[in-house]
Amino acid sequence: MIILILILSGFLGFALGRLGHIYGGQINGPHHWIYGLILIIIGVILYKTDLGKMLMAFGLGVFVSDFKDFLAFRIYGVDDVVIKKFWQID
């Protein structure tokens, strides 16, 4: 059962990360891969609890949804969203 919850948590993180990229990407601020990394770190600290595992899965989903900006090491700024694609990893 915990595996299903972790998969669902990871997908929810990815979905919210994509929506944040599409609809909040025009706001000048930190890129959301940073928030995913913070959640992963908190999850690692709390790894013995189910909450820690869910935070790691959710953070991983958020992180992956903005992976392209992580690879370019974009920390702060506006996302240039021309074509809004939900399933694309940005």
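Positions are given from 1, in the same order as the sequence printed here.
T49 approaches L46 most closely through the heavy-atom pair OG1-O, 2.9 Å. Between W33 and F63, the closest heavy-atom pair is O-CD1, 3.5 Å. Summarising the geometry of M54 relative to L6, their closest heavy-atom pair is N-CD2, 3.7 Å, with the distance given to 0.1 Å.
By the 4.5 Å heavy-atom criterion applied to side chains, V62 and F14 are not counted as neighbours. Using a 4.5 Å heavy-atom cutoff, the side chains of L12 and L16 are in contact. Considering only heavy atoms from C-beta on, V44 comes within 4.5 Å of M56 through its side chain.
Hydrophobic clustering, with ILVMFWY side chains joined whenever heavy atoms are under 4.5 angstrom apart, keeps F11 apart from Y35. Under the 4.5 Å side-chain heavy-atom criterion for grouping Ile, Leu, Val, Met, Phe, Trp and Tyr, L8 is not connected to V64 through any hydrophobic cluster.
Checking side-chain atoms of S9 against main-chain N and O of A57 turns up no donor-acceptor pair under 3.5 Å.
With values rounded to the nearest 0.5 angstrom, D50 atom CG is found 4.0 Å from I2 atom CD1. Residue H31 holds its NE2 atom at 6.5 Å from CG of D66, rounded to the nearest 0.5 Å. Taking NZ of K53 as the start and CG of L55 as the end, the distance is 12.5 Å to the nearest 0.5 Å. Here CD1 of I42 is found 5.5 Å from CG of L39. Values are rounded to the nearest 0.5 Å.
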